[in-house]
**Q** 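Take a look at this one; I'll ask things after.
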Amino acid sequence: MRFIFTTLLLISGLLSAGAQTTDSLTLMPRPQTVKLQTGKFVFTGRFSIRISGPGSPKFIGAVNRFYLQMGKRTGVVFPQEYISGKEEPANAQLTISYEKSINPAIGMDESYHLNVSPEKIMLTAPTDIGAERGLQTLYQLVTPAGGGFYCPAVEVNDSPRLKWRGLMIDVARHFIPFEVLKRNVDAMAIVKMNVLHLHLSDDEGFRVESKVYPKLQENGSNGLFYTQDQLKELVNYAHDRGVIIVPEFDLPGHCSSILAAYPFLASYPANYKPAGRFNMDTIKNLSLGKIMLLINQVRTPTVDPTKETTYVFFDRFFKEMSGIFPDAYLHVGADENNGVAWKQNPDIAAFMKSKGMKNTDALQAYFVKRMYGIAQKYHKRLIGWEELFNPGLPQDAIVQKWKPAASTDTLVKTIIAHNNQVIVSAGYYLDMYFPAYIHYLTDPVPANLGTAGADKGILGGEAAMWSELVDGGNEEIRVWPRTAAIAERFWSAAGVRDADDMYRRLWAIDFELNDRAIDEYGSYIKILGRWVNDKGLDPAITVCNVYTQVKGYKRLMGNMLAPGGVHPTLTTPLVSIADAVHTDSETGWYFRHLVATYLDKHDATSLKQIKSQLQEWQSNKARFDALAGNSPYLQQIADLSDILSIAAGVALQAINNEGNKEEQLKQLQQLEKPNHEVQLAIGLSLEALVTGKLKPEPVAYPMF
Ligand code: ACM
């Protein structure tokens with residue numbers, strides 16, 4: 001939804017009109033099989049539910065949530081005030097049957113069968129979690145029409161393709177408030193994801209209350225951390241929704257915040273503080289190559305793996321954390337340790353020599369082995385980023401692939417040949433600001449691995465939201481709705497790959513996510529509301545809706561590379577246009593469709609709509625300028641408003657066959673260049689109005 005203006009709303013209506021076919025459903029993730037039947041089930045005041053099954057409190061809660069939300073969606077007053085699972089309403093219209101209640105776990109049976117007929121709805125599943133997944137599908141079938149709401153008669157058989165369907169949220173760089181985490185869990189449940197991986201510590205912050213080592217949160221954070229009670233509540237909240245929680249404490253590197261609390265753990269003495277790993281003053285204004293060299297050569301805060309006191313500390317700490325996080329996994333990071341801190345410490349070098357270790361990789365393998373031992377003691381499977389892997393790694397340890405290098409498939413194959421399982425995050429890094437289709441078209445299972453390899457070795461995938469440029473104010477804008485497309489990649493059949501159809505459904509799911517879970521719309525309006533100082537949002541929305549961030553790490557790295565560039569710190573306010581805009585422009589998508597239709601048919605209706613939209617953009621400048629005095633924020637993006645207006649004017653000229661086409665194309669290409677770390681999302685569509693040819697969207701974007 002996102003406050004699209006009238007012209008485009010009209011198109012959105014046209015796209016969803018017409019006879020019901022499976023292609024008009026907006027299910028996401030798309031189920032394994034969907035068969036439309038004749039007729040429809042209409043929601044009336046007779047909609048009641050009967051549960052046939054063990055009646056676990058977790059599932060009763062899920063059904064009650066569903067019932068209340070369905071009431072809100074349809075506006076109908078339903079007859080059951082409270083569903084306890086014990087009552088047997090006469091002529092119940094929805095019967096849910098399941099055999100057993102289970103605790104969420106990887107590999108659980110999440111399958112379900114849903115049959116909607118004009119008279120009744122039957123949902124059956126082997127487990128309560130499968131039935132919960134089925135309720136989400138049922139909710140997504142609800143369609144408004146003819147003054148009421150209905151579900152098309154349909155038969156759905158569904159189960160996930162991959163067992164591990166995760167979302168990682170970095171809560172260390174910027175703290176993500178507790179309530180935001182809960183809303184993310186709600187959203188994950190809607191799109192049938194089952195793992196929330198919390199990156200709980202990094203150089204910039206330690207975010208968990210420890211009673212055994214309280215300095216961790218006292219010295220390792222800026223006072224922003226989760227209490228143990230909150231985390232226990234979050235675990236229960238997630239379990240109720242079929243989601244497990246995997247805690248990550250990043251070691252042996254990425255640990256300044258831990259060393260700030262307990263410096264005796266460090267590989268070298270220093271005045272440790274929770275802060276970024278590198279002194280940004282030393283790497284500002286360097287070439288990318290030099291920065292990369294430095295990253296490999298600079299000593300960074302790292303735990304000393306040679307001292308027994310280190311393992312005593314982490315044994316006690318992980319024992320405490322096991323009491324808070326009951327799920328079967330412990331993530332210890334293990335990424336990006338360049339070994340320099342170890343090489344430069346003579347005692348550590350002597351230790352390596354005494355053990356016959358040839359390099360710091362061998363010492364890292366030793367550290368990983370010790371962490372594995374601790375994880376085993378507390379009945380956890382060890383997980384780490386791909387640097388965890390070494391040929392001596394026990395087979396039940398899980399490796400998380402993250403590097404986007406071409407070597408991805410080779411490493412994955414090596415790991416699988418070694419009989420370790422893999423979670424794939426390469427291709428699903430949300431901090432790269434890639435549009436949803438890029439992630440969607442990336443399959444987590446390397447092509448030549450085959451089904452056998454997929455079943456055995458690829459446990460699943462995980463979207464990753466690193467938070468250098470994300471905080472509680474924009475996390476939901478960044479993660480959603482893109483992650484719904486990734487959730488489909490992990491749940492649905494590999495052959496479901498029509499990106500355009502994905503977007504058609506993504507906008508519908510975005511509305512549902514906001515309606516039932518997240519506050520993405522609210523976050524957007526809050527940032528823009530600050531800009532206009534509470535007066536006249538619409539012109540600012542019109543501008544922001546057609547911009548997306550520059551793609552890749554240009555923003556994060558760009559401000560290190562640029563002369564005078566500023567690297568974001570914990571106190572950098574994330575309120576700029578690049579922090580606010582969506583990563584996919586819904587307005588841009590609908591406009592592209594309109595242009596495509598026009599170029600195909602040259603019809604008067606499309607032409608009229610295009611002109612009306614372009615005029616709206618062109619004349620928005622005057623409305624925006626009238627607000628510009630409201631706050632300095634707006635003055636900062638006045639040029640973006642000008643660009644939109646000028647670009648729309650150029651396209652109007654072209655469509656009216658006025659002016660010189662070559663000049664117009666040049667002008668548009670100039671206007672499309674990044675500005676304030678954002679770019680026009682309607683560039684290719686405007687160009688098409690000049691050239692008569694709509695270029696395809698890029699199949700890839702550079703990382704830098
Ligand atoms: C990582 O991105 N360093 C796991």
Side-chain angles (χ1 to χ4, degrees), residues 164 166-174 176 195-207 246-258 275-278 283 288 291-292 294-296 298 300-303 329-341 360-361 364 367-368 371 382-390 393 397-408 411-412 415 420 422-434 439 442 444 459-470 478-479 483 486 552-553 555-557 560 567-568 703-704:
W164 185 292
L167 167 64
M168 186 221 68
I169 304 178
D170 172 6
V171 298
R173 269 44 180 269
H174 281 94
I176 304 297
V195 181
L196 175 62
H197 163 180
L198 295 175
H199 184 78
L200 290 162
S201 72
D202 210 300
D203 293 295
E204 291 86 344
F206 187 93
R207 304 301 184 185
V246 173
E248 178 188 352
F249 298 95
D250 207 345
L251 297 168
H254 281 280
C255 64
S256 306
S257 62
I258 294 175
R277 254 187 323 163
F278 300 104
I283 65 172
L288 186 61
I291 289 182
M292 288 307 173
L294 216 64
I295 285 173
N296 287 328
V298 163
T300 53
T302 312
V303 159
Y329 305 89
L330 172 67
H331 200 305
V332 293
D335 57 318
E336 298 186 303
N337 167 25
N338 63 15
V340 177
T360 51
D361 286 351
Q364 162 106 348
F367 178 77
V368 167
M371 289 292 129
L382 190 74
I383 311 180
W385 299 103
E386 62 190 71
E387 295 94 324
L388 183 90
F389 182 72
N390 63 73
L393 188 67
I398 300 169
V399 181
Q400 187 159 7
K401 180 79 200 75
W402 69 274
K403 292 187 185 173
S407 58
T408 297
L411 180 66
V412 166
I415 295 169
N420 289 96
V422 177
I423 300 163
V424 179
S425 278
Y428 309 108
Y429 263 37
L430 300 168
D431 63 337
M432 287 190 186
Y433 299 140
F434 289 160
H439 303 300
T442 303
L459 192 54
E462 220 175 77
M465 184 73 261
W466 298 101
S467 66
E468 280 92 343
L469 293 168
V470 160
R478 266 321 132 258
V479 174
T483 297
I486 298 174
Y553 286 132
R555 181 162 184 230
L556 188 62
M557 299 293 278
M560 293 185 212
H567 187 73
M703 212 164 53
F704 294 102

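When a ligand or atom number is given, it counts from 1 through the structure's own listing order. We're numbering straight along the sequence, starting at 1.
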**Q** Passes side chain to side chain contact (heavy atoms under 4.5 Å, CB included), Asp250 versus His199? Steps please.
**A** CA-CA 8 Å; Asp250 207 345; His199 184 78; 3.3 Å; yes

**Q** State whether a side-chain donor-acceptor pair under 3.5 Å links Gln400 with Glu462.
**A**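 Note: Gln400 and Glu462 side chains meet the donor-acceptor criterion.
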
**Q** Does Leu382 reach the side chain of Leu388, with side-chain heavy atoms less than 4.5 Å apart?
**A**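 The answer is yes, as the side chains (C-beta and beyond) meet within the 4.5 Å cut-off.
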
**Q** Checking ring pair (Phe, Tyr, Trp, His ring centres under 6.0 Å) for the pair Tyr553/Trp466: CA distance, chi angles, key distance, verdict?
**A** CA-CA 12 Å; Tyr553 286 132; Trp466 298 101; over 10 Å; no

**Q** Check whether the side chains of Trp402 and Glu336 place a donor and an acceptor atom closer than 3.5 Å, and report yes or no.
**A**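 There is no such pair (donor and acceptor under 3.5 Å, judged by atom type) between the side chains of Trp402 and Glu336.
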
**Q** Does any part of the side chain of Leu430, heavy atoms only, come nearer than 4.5 Å to the side chain of Arg478, both counted from C-beta?
**A**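 When only atoms from C-beta onward are counted, Leu430 and Arg478 do not touch, as no gap falls below 4.5 Å.
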
**Q** Could you list each nitrogen or oxygen of ligand 1 that sits under 3.5 Å from a protein nitrogen or oxygen, with the atom names and the distance?
**A**
from	atom 1	to	atom 2	distance (Å)
ligand 1	2 (O)	Tyr429	OH	2.6
ligand 1	3 (N)	Asp335	OD2	2.7
ligand 1	3 (N)	Glu336	OE1	3.1

